[in-house]
Amino acid sequence: RIDNSPSFNLLDAKGKTRVSLRLWNDDSPSLNFLDESSNTRSTLRLWADGSASLNFLDQAGNLAVELGPGNFGLPTLALSDKNGKVRGRLQISENGLPALSLNDQHGFARAQLSLDAQSNPALKLFDQNRAVRSLMEISQTGAPQMSLLDNSGQVRSVFKLWEEDDAPALALFDESGVPRASLGTTILNEDQAESIERTSEAALFLFDGAGKIVWSKKETVSAEKQE
């Protein structure tokens with residue numbers, strides 16, 4: 001402590017505290033910066049567990065920016081609105097993987113961008129009930145894919161490009177996850193496997209409620225086009 005006091009202050013020409021250095025009861029130090037109205041606008045603190053945090057506050061005293069270990073001890077950058085709700089959060093997981101979340105006015109995530117262990121990106125979109133409704137991702141082979149989900153979490157549509165030649169493929173499912181239609185150089189197998197299989201030519205397939213093919217139309221190529 002300085003002069004056996006819990007804090008050491010720097011004053012401006014008007015005698016107002018603008019910088020305050022304090023040592024707390026657990027011997028953790030903090031450095032505060034105050035504006036002309038004596039409102040704390042920034043705080044740098046070293047906590048008893050050895051972690052550090054840097055906070056920025058608005059004129060009303062609401063936390064606007066927080067940089068530190070976060071609630072779970074993970075590196076986090078959080079941005080809050082004027083009501084103190086976190087609207088954006090950049091975080092590194094325990095495995096060192098980054099994720100960026102965008103939150104609504106209630107502080108719930110509505111969009112999340114992340115990388116997996118192989119550095120493949122994925123974008124999740126959430127509805128107001130915090131359920132995933134859309135997923136965009138790049139596979140390990142570099143193929144992009146987008147899935148649309150209903151409010152119960154069931155995948156209802158998958159659109160992708162094949163990595164070999166970027167040919168498009170579209171698959172539609174019913175509320176039970178049974179394939180009902182596929183379009184492009186693709187077909188869902190009749191065993192209702194989750195993977196989408198490649199076909200040699202573009203085609204449209206329609207399935208019944210059991211996932212069996214009831215109608216199909218394959219692309220025909222004329223001799224002139226083959227030449």
Side-chain angles (χ1 to χ4, degrees), residues 1-138 149 151:
R1 292 177 174 82
I2 300 176
D3 297 332
N4 295 320
S5 63
S7 64
F8 178 76
N9 301 327
L10 295 180
L11 311 180
D12 61 15
K14 299 179 181 179
K16 294 184 178 181
T17 299
R18 302 302 298 273
V19 180
S20 178
L21 176 64
R22 181 174 180 178
L23 195 62
W24 296 82
N25 293 333
D26 59 0
D27 286 335
S28 60
S30 68
L31 180 64
N32 296 337
F33 295 87
L34 296 83
D35 59 22
E36 293 182 348
S37 301
S38 300
N39 298 316
T40 299
R41 302 300 301 275
S42 180
T43 299
L44 174 63
R45 183 167 181 176
L46 181 63
W47 299 86
D49 62 1
S51 62
S53 65
L54 176 61
N55 298 334
F56 295 92
L57 298 86
D58 61 21
Q59 292 180 336
N62 298 314
L63 184 62
V65 180
E66 180 181 11
L67 177 62
N71 295 332
F72 303 100
L74 303 174
T76 302
L77 172 63
L79 306 178
S80 302
D81 60 20
K82 62 181 181 181
N83 297 316
K85 293 291 185 180
V86 176
R87 303 301 297 271
R89 187 187 303 275
L90 176 61
Q91 190 171 50
I92 305 297
S93 71
E94 295 179 351
N95 299 323
L97 304 177
L100 173 63
S101 298
L102 302 180
N103 303 339
D104 60 19
Q105 66 273 24
H106 304 295
F108 299 131
R110 300 300 300 272
Q112 184 181 69
L113 178 64
S114 61
L115 295 180
D116 64 16
Q118 288 73 41
S119 297
N120 300 313
L123 173 63
K124 294 180 180 179
L125 302 181
F126 304 82
D127 63 17
Q128 64 273 20
N129 297 316
R130 289 175 278 178
V132 179
R133 302 301 301 272
S134 178
L135 172 63
M136 299 178 64
E137 55 190 337
I138 303 295
L149 298 80
N151 54 21

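For N95, the side-chain contact (heavy atoms from CB on, under 4.5 Å) partners at least two apart in sequence or on another chain are S93, L97.
At a threshold of 4.5 Å between non-hydrogen side-chain atoms, the residues M136 and K124 do not count as touching. For the pair K85 and S80, the minimum side-chain heavy-atom distance is 4.5 Å or more. At least one side-chain heavy atom of N151 sits less than 4.5 Å from a side-chain heavy atom of R133. Here the side chains of N103 and V86 are in contact, with some heavy-atom distance below 4.5 Å. Side-chain contact check for W24 versus S30: some heavy-atom pair is nearer than 4.5 Å. Using a 4.5 Å heavy-atom threshold, the side chains of R89 and T76 count as touching.
Within the model, atoms CD1 of I92 and CG of L115 stand 9.0 Å from one another, a figure rounded to the nearest 0.5 Å. Separating the CG atom in L77 from the CD atom in E66 is a distance of 9.0 Å, to the nearest 0.5 Å. Considering CG of L63 and CG of L79, their distance stands at 10.0 Å, rounded to 0.5 Å. The OG atom of S37 lies 7.5 Å from the CD atom of Q59; values are rounded to the nearest 0.5 Å. A distance of 10.0 Å separates CG of L34 from OG of S42, quoted to the nearest 0.5 Å. Put simply, CD1 on I138 and OG on S119 are 13.0 Å apart, with the number rounded to the nearest 0.5 Å.
D26 and S28 make their closest contact through OD1-OG, 2.5 Å (heavy atoms, listed as atom of the first residue, atom of the second, distance). Taking every heavy atom of both residues into account, L149 and S134 meet most closely at CD1-N, 4.2 Å. Of all non-hydrogen atoms in S53 and W47, the two that sit nearest each other are OG-NE1, 2.9 Å. Closest heavy-atom contact between A52 and P69: O-CD, 3.2 Å.
Proximity of a side-chain donor or acceptor of N62 to a complementary backbone N or O of K82 within less than 3.5 Å is detected. Between the side chain of D81 and the backbone N or O of N83 there is at least one donor-acceptor pair closer than 3.5 Å.
If you check the side chains of T43 and N32, you find a donor sitting under 3.5 Å from an acceptor. Looking at N9 and S20, their side chains do bring a donor and an acceptor atom within 3.5 Å of each other.
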Report task. Given side chain to side chain contact (heavy atoms under 4.5 Å, CB included), test Q128 with R110 step by step and report yes or no. Result -> CA-CA 7 Å; Q128 64 273 20; R110 300 300 300 272; 4.3 Å; yes
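Within a 6.0 Å radius of CD in Q105, other residues, nucleotides and ligands contribute more than 12 heavy atoms. Within a 6.0 Å sphere centred on CD of E94, other residues, nucleotides and ligands contribute 12 heavy atoms or fewer.
Under the salt bridge (charged side-chain N to carboxylate O under 4.0 Å, His left out) criterion, no residue pair touches residues 43-60, with sequence neighbours excluded. Among pairs with a residue in residues 9-22, those fulfilling salt bridge (charged side-chain N to carboxylate O under 4.0 Å, His left out) read D12-R18, at least two apart in sequence or across chains.
Remark: R41 is not positioned above the aromatic ring of F33, lacking an NZ or CZ atom under 6.0 angstrom from the ring centre and at most 45 degrees off the axis.
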